[in-house]
Amino acid sequence: MNGGGGREDDQHLPGVSSASGSAAGAVGGRATPEMKRSAVRSLIKRYFHQLQSGCGNANCSNANCASSGKVAPMTPNEVAARALQLFSQDAQLCEAETSSPQDVDMLSPNDSSSSSSGSSTSTITSASTTTTTSRQSQSTPAAVVVPVSSPYLAQSVPPLDIAGAEHSSGDSEPCTPTLAPVHSLDANSLIALYEECRAADSYDRICHAIGVVFSSVDRLGKSFIRSAEPAASSSLQELLANSSGALNKEQLRTLEGEHDKDEDSTQQVDEESESAANATASAEVEEEDDDVYSSQCSDTLVDLPGLRRVQRLLFGCQIRAITEKLTSSVIQLSDWVIYMRTDWENVIHCLVICFDLATNTKNSVVDMDYLDRVLPKLCHAASAMPVPAQARLARIWAAHCSDQLHSLIAACQQQITLQVLLDEESMRENESIISVTKVLKIVFYANILASELERPSCRVPLEDRTEAATASGSAVVEDDLFAYNSLLEPHMPKFAEDQFEKELQVSSIDCRKPLIPLEEFYNEALSENIQMHHDYLSYKTLAMESEIGSGHANYFSFMLYAFILTPSTKVDALYYDSRMRMYSERYSSLHSILNNMGQVGQEDTPRPDLKLTVRRDQLINDALIGLEMVAMSNPKDLKKQLVVEFVGEQGIDEGGVSKEFFQLIVEEIFNPAFGMFIQQEETNNMWFNATPFENGAQFTLIGIIIGLAIYNNVTLAVNFPMVVYRKLIGYRGTFADLSDWSPTLYKNLKSMLDYQGQDMEEVFEQTFKISYSDVFGDVVEHELVPNGQDVLVGQHNKELFVNLYSDFLLNTNIEQQFNAFRKGFEMVTDESPLKLLFRPEEIEMLVCGSREFDFVELENSTVYEGGYTEKSQYIQDFWSIVHAMPSEDKHKLLEFTTGSARVPVGGLKCLRLLITRHGPDSDRLPTSHTCFNVLLLPEYSSREKLEERLMKAINYSKGFGML
């Protein structure tokens with residue numbers, strides 16, 4: 001999947017290089033596709049014959065040869081699957097002592113006799129010869145597609161017909177003469193079979209039944225079928241009795257309850273014809289997928305209660321042979337699914353069974369052995385399914401297996417962590433990690449579907465946003481000073497669009513309270529060892545190949561599976577993206593400067609950075625005017641590295657000056673006296689002023705400042721309610737958002753919704769006319785509907801009232817201001833993977849920093865220089881002083897040493913503080929390099945002097961100078 005590169009024609013085919021070397025040499029040293037196909041078929045047949053009939057050498061020691069006596073009895077289908085495994089492993093092949101046309105008869109491997117009442121012929125073409133073989137005409141075996149081990153082989157190797165044991169005629173010799181053939185299993189029959197085997201003190205029969213059923217998609221697909229409803233039982237039994245293999249689309253619709261189809265559309269096709277059609281038309285499966293899964297059905301035929309009874313029995317009986325047979329059979333089935341293109345509805349049925357067995361465990365040794373061996377294979381099989389099939393699996397898990405989702409998450413996380421510890425250097429090439437991550441995505445969406453969703457979705461459709469932007473823009477066209485056209489959709493490369501979200505028509509943002517907290521999908525081990533700069537390069541490679549239309553199957557990026565990454569790791573990804581864009585803009589500017597050097601009329605050359613020169617007493621005016629000039633002339637310059645210079649100060653901006661600039665300007669902008677925002681007394685959150693003193697362009701500039709803070713990796717002291725971050729990524733505010741916007745109002749409206757009395761009009765006396773206070777304290781009235789003052793709120797319209805009220809407060813009333821604010825924000829972040837990586841609550845953390853304020857973590861992450869060590873008594877005194885400080889002083893210390901009082905995403909453990917010795921005892925105050933988080937601390941003579949000097953330094957620290 002994500003292995004090496006190279007063209008499809010040049011992929012290495014296991015076992016082919018040696019066998020077809022001479023043939024390849026005949027064509028300039030390179031095998032043609034036709035020669036490769038012939039060689040592959042020839043090798044598979046040789047492995048099949050070796051397992052079925054042996055090489056004829058009585059002294060053979062090859063464990064994979066029947067002549068050695070080490071090959072267990074297998075059905076022809078099992079032999080075919082085993083032959084393919086040996087082929088993919090490039091296993092040893094014996095040299096046959098004799099060769100005849102009958103030796104390679106794969107059409108009827110159990111019918112070696114030449115006598116038959118009637119015969120038909122079939123042709124098998126190998127690499128160099130054509131052999132005609134005979135078989136009995138009394139029974140026509142079903143066609144089975146032999147799986148192959150690479151995408152090239154899946155398309156190039158024609159299907160080989162292998163007789164299934166269940167299709168053998170009465171006079172055909174069975175593969176295992178002493179054991180009856182098994183076509184399917186259910187809970188009751190399997191439990192009864194176990195009891196019979198226990199009474200006989202021999203478990204061969206149950207092992208045989210498990211091996212035959214659990215290794216076959218067709219047989220397991222017809223097993224553990226739950227009982228139908230009484231009204232539909234007859235039709236269900238008829239379908240199951242007549243179905244020899246995969247159910248067709250009309251049968252599936254019937255089983256799902258669509259009984260309005262014509263009788264002609266549900267008639268069964270001939271058993272033999274359908275089996276042959278399923279094998280020979282495998283190339284058409286993908287074209288039919290959309291039709292099969294278009295119903296978005298969450299129903300399943302699996303008898304989950306019965307299956308779990310079987311699971312408890314099999315894993316609790318402590319019979320090693322049973323669990324070993326179950327494990328090996330499920331592994332074989334998973335390999336079959338991976339390498340063959342088959343009926344995905346049957347595969348989904350099998351995966352529901354096998355995953356439920358794997359996750360419904362009791363942490364016993366037997367359970368964990370099965371889980372460790374089977375889960376990676378199952379994940380590999382599930383990840384190979386098309387998106388519609390994966391979406392259907394997610395719906396089934398959400399509807400029927402929600403109680404097992406937590407166990408499945410824990411099992412997948414355990415597998416990923418184990419693989420990370422074993423292979424830290426090549427996680428993006430580790431197929432086990434990749435496949436389990438893809439299955440975790442299925443579980444992620446199953447968890448969302450199993451939760452309470454906000455319906456209809458609060459996402460604003462593109463056409464509605466276009467109309468809103470047009471209407472808003474026409475009202476303030478005279479104030480729109482910028483040439484930038486705001487993106488109406490979050491910038492997302494085509495390859496990065498979430499096909500799962502489209503298929504399921506659901507988003508994690510539609511889920512207010514997930515069944516399982518989304519934080520449980522974070523994998524700490526993966527996030528800590530991921531080497532995000534390498535993963536970002538894979539992401540950019542995928543983006544580049546998507547733009548030029550080339551394939552990208554050989555690359556994998558965890559940025560496309562951001563749910564598994566911790567917020568601090570996502571910040572690293574955003575940091576690399578910002579730095580890459582900064583360097584790109586810098587090189588472009590330098591190239592332009594060099595090209596224009598010496599030319600007349602080129603005095604106004606572009607700068608390689610975005611420089612703002614501001615005065616402390618005119619900070620707002622200088623900053624907004626400077627940004628306005630840049631945004632009007634060339635908005636792309638906003639993506640250059642920000643460099644701030646305070647007039648009259650010597651500080652050089654290596655990051656620390658910018659941090660103070662953002663801190664100061666945020667304090668000014670969000671000051672209620674400035675009139676742009678108002679502070680809500682109940683929550684202390686800042687909200688847009690519906691009647692501002694300034695025009696829309698000022699809100700655009702404020703949006704630019706917020707975007708620049710994210711772009712330059714600076715946290716801000718901004719207290720927005722969560723609805724602001726939801727609206728920034730394209731969602732409307734709804735009633736649920738009032739819970740943190742105004743808890744009291746939310747509580748009152750909730751009580752109105754919960755009231756069930758018929759005297760609601762008399763109790764609440766509420767009309768569709770509302771009132772609120774503006775920034776000046778004046779009461780403003782607004783009618784939610786025409787003549788709203790005459791419309792009373794009752795049981796029939798209370799939900800409409802609540803929705804209109806919420807929409808007015810959170811959307812309509814501040815639409816002009818917010819659209820301008822979002823426009824400025826996206827001028828900086830439109831090409832960033834911000835919306836790909838972060839959910840709204842994570843964007844809030846990105847802007848405002850973490851709420852965890854643990855100075856013990858800061859102490860543990862601090863490093864020392866100049867003679868100080870963590871064991872120095874002087875350093876121990878320093879930390880004892882710090883830990884005894886009140887919270888306000890700790891914030892000041894943090895601001896003094898780092899330039900910001902905010903905690904970075906991930907907590908203080910992610911902040912690397914350096915304390916270095918700054919000379920012997922003196923009266924100098926401690927100083928800092930905020931650009932590099934360095935504290936210069938003289939070695940004072942006493943603990944008391946250290947505390948006095950430190951407190952004075954953090955309380956009188958404004959401005960920058962040169963040391």
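Note that the structure is a prediction, hence the values are computed from the model and not measured.
Under a 3.5 Å cut-off, the side chain of Ser806 and the backbone N or O of Asn803 do not form any donor-acceptor pair. Panel note: side chain Lys639, backbone Glu585; no donor-acceptor pair is recorded below 3.5 Å.
With rounding to the nearest 0.5 angstrom, the CD atom of Gln390 is 9.0 Å from the CH2 atom of Trp344. To the nearest 0.5 Å, atom CD1 of residue Ile442 and atom CG of residue Leu351 are 8.5 Å apart. Going from atom CG of Asn685 over to atom CZ of Phe677 covers 12.5 Å, rounded to the nearest 0.5 Å. We find the CG-CG distance between Leu422 and Leu418 to be 4.5 Å, quoted to the nearest 0.5 Å. Residue Ser383 holds its OG atom at 12.5 Å from NZ of Lys441, rounded to the nearest 0.5 Å. Taking CG from Asp510 and CD1 from Ile448, the interatomic distance works out to 8.5 Å, rounded to the nearest 0.5 Å.
Salt bridge absent: Lys502 and Asp498 never bring a charged side-chain N and a carboxylate O closer than 4.0 Å. Salt bridge absent: Asp637 and Lys611 never bring a charged side-chain N and a carboxylate O closer than 4.0 Å. The existence of a salt bridge linking Glu452 and Lys513 is excluded, since no basic side-chain nitrogen approaches an acidic carboxylate oxygen closer than 4.0 Å. Remark: Arg428 engages Asp535 in a salt bridge, criterion side-chain N to carboxylate O under 4.0 Å.
In summary, the side chains of Thr569 and Thr566 do present a donor paired with an acceptor at a separation below 3.5 Å, with no hydrogens or angles considered. A donor-acceptor contact closer than 3.5 angstrom is absent between the side chains of Asp737 and Tyr731. Between Thr734 and Arg512, the side chains place a donor N or O and an acceptor N or O closer than 3.5 Å (distance only, hydrogens not considered).
The aromatic ring centres of Phe699 and Phe821 sit 6.0 Å or more apart. Two rings, from Phe556 and Tyr561, have their centers less than 6.0 Å apart. Aromatic pair Phe670/Phe720: ring centres closer than 6.0 Å.
Contact check for Asp740 versus Thr683: no side-chain heavy atoms found under the 4.5 Å cut-off. Under the 4.5 Å side-chain criterion, counting only non-hydrogen atoms from C-beta, Arg822 is not in contact with Lys727. Counting only heavy atoms from C-beta outward, the side chains of Ile409 and Gln404 never approach each other to under 4.5 Å. For the pair Leu526/Thr417, no side-chain contact is recorded, criterion being any heavy-atom separation below 4.5 Å from C-beta on.
Residue Tyr575 places its OH atom among 12 or fewer non-hydrogen atoms of other residues, nucleotides or ligands, all under 6.0 Å distant.
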Evaluate side-chain contact (heavy atoms from CB on, under 4.5 Å) for Lys835 paired with Glu826, printing each intermediate quantity in order.
CA-CA 11 Å; Lys835 292 160 186 151; Glu826 291 186 346; 3.1 Å; yes

Decide yes or no on side-chain contact (heavy atoms from CB on, under 4.5 Å) for Leu515 and Ser402, but give the supporting numbers first.
CA-CA 8 Å; Leu515 178 68; Ser402 59; 3.9 Å; yes

Does the pair Cys379 and Phe355 meet the rule for a side-chain contact (heavy atoms from CB on, under 4.5 Å), with working shown?
CA-CA 9 Å; Cys379 291; Phe355 270 108; 4.2 Å; yes

